[in-house]
Protein chains: 2
Amino acid sequence: MGQQVLDKNLKNKEVRVIIIEDYKLTRVGLRYALNEIENINVVAEAQNAEIGLELIKKEKPDVVLMDLGLPGINGLEATAQVKNISPDTKIIILTSHDREEEVIASLGSGASGYCLKDIDPITLSGVIKNVAKGACWIDSNVAHLALKVFPKPENTEIMSVSHSSEAKTRLTERENEVLKLLVQGKSNTQIAQELIVSVHTAKAHVCSILQKLCVDDRVQAAVKAIKEGIVSV
Amino acid sequence: MGQQVLDKNLKNKEVRVIIIEDYKLTRVGLRYALNEIENINVVAEAQNAEIGLELIKKEKPDVVLMDLGLPGINGLEATAQVKNISPDTKIIILTSHDREEEVIASLGSGASGYCLKDIDPITLSGVIKNVAKGACWIDSNVAHLALKVFPKPENTEIMSVSHSSEAKTRLTERENEVLKLLVQGKSNTQIAQELIVSVHTAKAHVCSILQKLCVDDRVQAAVKAIKEGIVSV
DNA sequence: TTGAATATTACCCAATTGGCTAATAAATAA
DNA sequence: TTATTTATTAGCCAATTGGGTAATATTCAA
């Protein structure tokens, strides 16, 4: 019950990080550097994607620092997999590759951040904390490559005042929690168990979500939530 | 050639900022807050784009903080213009609008950063410094909207032979039809009506879809269908 | 021709869902 | 202080869902 209150007050919630990097020296050095930073906790590290994905499945970290050039499964494929096994985990690519295709492909595969390895640890720690909250960060040396992807708008008129994300702001925090679980295919019973409330409560939340999103059932709610980006997939 | 070297050595280079924002209170408050920060210097401010663009032409600032909802020339147009009159100047959109079109259009018009107005000044100052160096930053509340733009890479090399195409090809044509309707939130009854078959038939199709996709209910089926691109949304 | 896959229909049954009203407590806003 | 919002719980009820088994017709490849 005090859970939300705790989360609200804990602005400085600890960010749990897993590092996937094949070079031991880089990997270990990075861990030591990051563990020096307040509110960042490197909970595990792996020298390849296979081991890393197992760890992610267990730990469900907030952030994964992912190298691109890994033996076996490469960082790109691993990034896509992380999104499957732990949708809420954010991925930051940490590499020395600055080719356009790799930057675009990384972000397309689900990464929220792209850092080159000459980044200083202080900046990196800031990036980790912010990406954990949902932000997007792209290193100064490759940002222009990524920004090219965004199409130039034809009419800079600013498309009137139609509110597509109007529904989003109407949902309460609790309802957003429920919606996220709903999208994961959880039943009312499962949602109730996860949030440690009665089934009636879960049901009530789902009902108000349906009304607020103006849909008839939970399938439509899930689809709409994905379409509008209310929950990440 | 010496550019990078210079930038690297001048870690504490002052960042020159211009603020374009119509509300005086916000504008002035922002200036005071930012001038408190080391290495950030607000060199000018304007309450509309016309004045702002003149100032930018004179001052050639490192960063412009741009409001979207401006009287006269709006922030989107202004952003594009800034890139014409001062190509090296970076633009950070500072707005309360969180609509997808505006986020995409802003980045497409040349902005390197997108912040919502409830950002705290400390974070904003960090964003300003990093965007000045060339980085890209998108606020945690809208980052997912921007990241959607990046296309999923087809060939992440190596494996990926797995799930997506496999599951898709396993579905029969009829099942794909049903799945599409299911994603639209149709009930078995509605699906049956649409396909002009009995409810039993629709139900049978849904059942085999669930089995083939290895999911427990239609919500998960819908989510998986969208995630794997089996149906387009 | 014959077997395999697909599409169709049907019935039974336990579980879940969504709509409805309604009460309580806590926090927030006016 | 009072009103509103939010989170929680509860019960009732009609409808839907998903699992199971099973039969029939069609098409297509071996």
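Each chain gets a letter, A, B and so on, in the order its sequence line appears, and its residues count up from 1.
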J.: Answer yes if the side chains of B/E175 and B/S208 hold a donor-acceptor pair under 3.5 Å, and no otherwise.
T.: yes
J.: Begin from the C-alpha positions of A/L179 and A/K212 and carry the test side chain to side chain contact (heavy atoms under 4.5 Å, CB included) through to its verdict.
T.: CA-CA 12 Å; A/L179 181 55; A/K212 289 183 180 178; over 6 Å; no
J.: What is the distance, to the nearest angstrom, from the CD1 atom on B/I196 to the C1' atom on C/dA7?
T.: 15 Å
J.: What's touching nucleotides 25-29 of chain D from the protein side, N or O pairs under 3.5 Å?
T.:
none

J.: Do the side-chain N and O atoms of B/T201 and B/S198 include a donor-acceptor pair separated by under 3.5 angstrom?
T.: yes
J.: For A/E173 and C/dA26, what is the distance between atoms CD and C1' respectively, to the nearest whole Å?
T.: 15 Å
J.: At less than 4.0 Å, is any side-chain N or O atom of B/T172 found next to OP1 or OP2 of C/dA7? Yes or no.
T.: yes
J.: The criterion is side chain to side chain contact (heavy atoms under 4.5 Å, CB included); which residues satisfy it with A/K57, sequence neighbours excluded?
T.: A/E54, A/I85
J.: Using every non-hydrogen atom in the two residues, find where A/K224 and A/L213 come nearest and quote the distance to one decimal.
T.: NZ-O, 3.0 Å
J.: How many Å lie between CD1 on A/I209 and P on D/dT6, as a whole number?
T.: 13 Å
J.: Along nucleotides 11-20 of chain C, 5' to 3', which nucleotides get a B, which get an S, and which get a -, given that the test is a protein heavy-atom distance under 4.0 Å?
T.: BB----SBB-
J.: Could you state the CD-C1' distance from B/E177 to C/dT8, rounded to the nearest angstrom?
T.: 14 Å
J.: Run the salt bridge (Lys or Arg N to Asp or Glu O under 4.0 Å) test against A/K203 and tell me which residues pass, sequence neighbours left out.
T.: none
J.: Applying salt bridge (charged side-chain N to carboxylate O under 4.0 Å, His left out) as the test, list every pair that has at least one member in residues 136-146 of chain B; sequence neighbours left out.
T.: none
J.: Take the C1' atoms of the five end pairs on each side of the helix from C/dT1-D/dA30 to C/dA30-D/dT1, get both axes, and report the angle to 10 degrees.
T.: 50°
J.: Starting at NE2 of A/H205 and ending at P of D/dA10, how long is that distance when rounded to a whole Å?
T.: 13 Å
J.: One thing to verify: whether B/K117 and B/E21 come together as a salt bridge, which I'm taking to mean a side-chain N less than 4.0 angstrom from a carboxylate O.
T.: yes
J.: Do the side-chain N or O atoms of A/S198 get closer than 4.0 angstrom to the phosphate oxygens (OP1, OP2) of D/dT9?
T.: yes
